[in-house]
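Worksheet: one structure, shown below.
Both ligands and their constituent atoms are indexed starting at 1 by order of listing.
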Amino acid sequence: MAPTAFVAPQAVSTSTFKDDIFKGKVLFCTGGGSGICRGMTEAIMRHGASATIVGRKLDRLTQAAKELSEATGQKCIPCQADVRQSKTLQEAVAKTIETFGRIDFVICGAAGNFLAPISGLSENAFKTVMEIDTLGTFHTIKATIPHLRATKGAYIHVSAMLHYRATPYQAHVSAAKAAIDALSAVVAVEEGPHGVRSNVIAPGAISGTEGMDRLEGKGSQARDSFYPLGRWGAIDDCANAAVFLFSPAASYISGQILPVDGASEHLRTLVFPYPLAVLEPAKIQGMIKGKL
Ligand code: COA
């Protein structure tokens, strides 16, 4: 019998959940101006929620908030804040409460990334990513806990798959994301008795994101045959996972890490020719595309 041609199952942009499951709810999302967090915000708004999106670049946020409102028919406000500074986050939370009166869901998604070997990573470079990712998550949790207790709400932290095994040139991000996983777990057990849930979404390679542009080179195409499901992930895949984790269908799921990676981590292939990759990184620059 002739083998059947493999067709990669595609991401779906339609939801299997009812349109109004988040009616009257409010989402607070750091990093919501672009990429995965923007996609999650849109999906949650499509189910009835209003939203605040938080980031450093006001122009981009304002445009994104306008587009999100138009696409979903729900209200979205932009709040400029640097997650490294707790004061600006507290102001964003205050503006959200002033506008919407409550916060039900929080996505801690603001992050920074670049490729660099640890030997070439300056103290400030390491600290910058730790501060954006880990300290930023801590600040976001601290600023929103009272509001989530009031609504018996939920957190989603956006982590990654790269730190569950060792990924070269990602020491800074690996340390930061491991800490985020740990923070989420502690929040889940400490805040569980207050009715608050906390989970992590760990995206694998997701197309159309700044992260993948930085790691693989802008506009790069997936090498589909490297992936068990025959493709990179899509932003919609992460968005659907977020809708599920915030929905009542996940009411007994807390303290967990949900990989959205199409089983790629189980099939981690060696991308770099070792030890050349470590000893002479310039020679593999052409292979990894992202600037080293
Ligand atoms: N390799 C090594 N070091 C780097 C680097 C690279 N590619 N890019 C930045 N750094 C270092 C800088 O040299 C600096 O260290 P130094 O003072 O010792 O020279 C330090 O990181 C801070 O850089 P700076 O540009 O001043 O910080 P920033 O706050 O403006 O930017 C970054 C933060 C570096 C994380 C930046 O990449 C960013 O803003 N990213 C946000 C978007 C993003 O990464 N999205 C993807 C999410 S997965």
Establish, from distance only, whether the side-chain atoms of [X] and [Y] form a donor-acceptor pair under 3.5 Å.
X: T30; Y: T140; answer: no
X: N113; Y: Q170; answer: yes
X: Y164; Y: D181; answer: yes

[X] and ligand 1 - part of the residue with a heavy-atom distance under 4.0 Å:
X: R56; result: side chain
X: R84; result: side chain
X: S122; result: side chain

**Atoms of ligand 1, numbered as shown, that sit under 4.0 Å from any heavy atom of A116** =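 The atoms of ligand 1 under 4.0 Å from a heavy atom of A116 are 1 (N), 2 (C).
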**Message:** Which of the numbered atoms in ligand 1 are under 4.0 angstrom from any heavy atom belonging to G211?
**Reply:**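 Matching atoms, with element in brackets: 46 (C), 48 (S).
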Please tabulate, for the side chains in residues 96-103, all donor-acceptor contacts under 3.5 angstrom to protein atoms that are two or more places apart in sequence or on a different chain.
unit_1: T96; atom_1: OG1; unit_2: T52; atom_2: OG1; d: 2.9
unit_1: T96; atom_1: OG1; unit_2: A92; atom_2: O; d: 2.8
unit_1: T99; atom_1: OG1; unit_2: K95; atom_2: O; d: 2.7
unit_1: R102; atom_1: NE; unit_2: D104; atom_2: OD1; d: 2.9
unit_1: R102; atom_1: NE; unit_2: D104; atom_2: OD2; d: 3.4
unit_1: R102; atom_1: NH2; unit_2: D104; atom_2: OD2; d: 2.6

**Item:** Best match, N113, V173, T128: closest heavy atom to atom 33 (C) of ligand 1
**Value:** T128
**Request:** Could I get the full list of ring pair (Phe, Tyr, Trp, His ring centres under 6.0 Å) partners for H157, not counting sequence neighbours?
**Result:** Y155
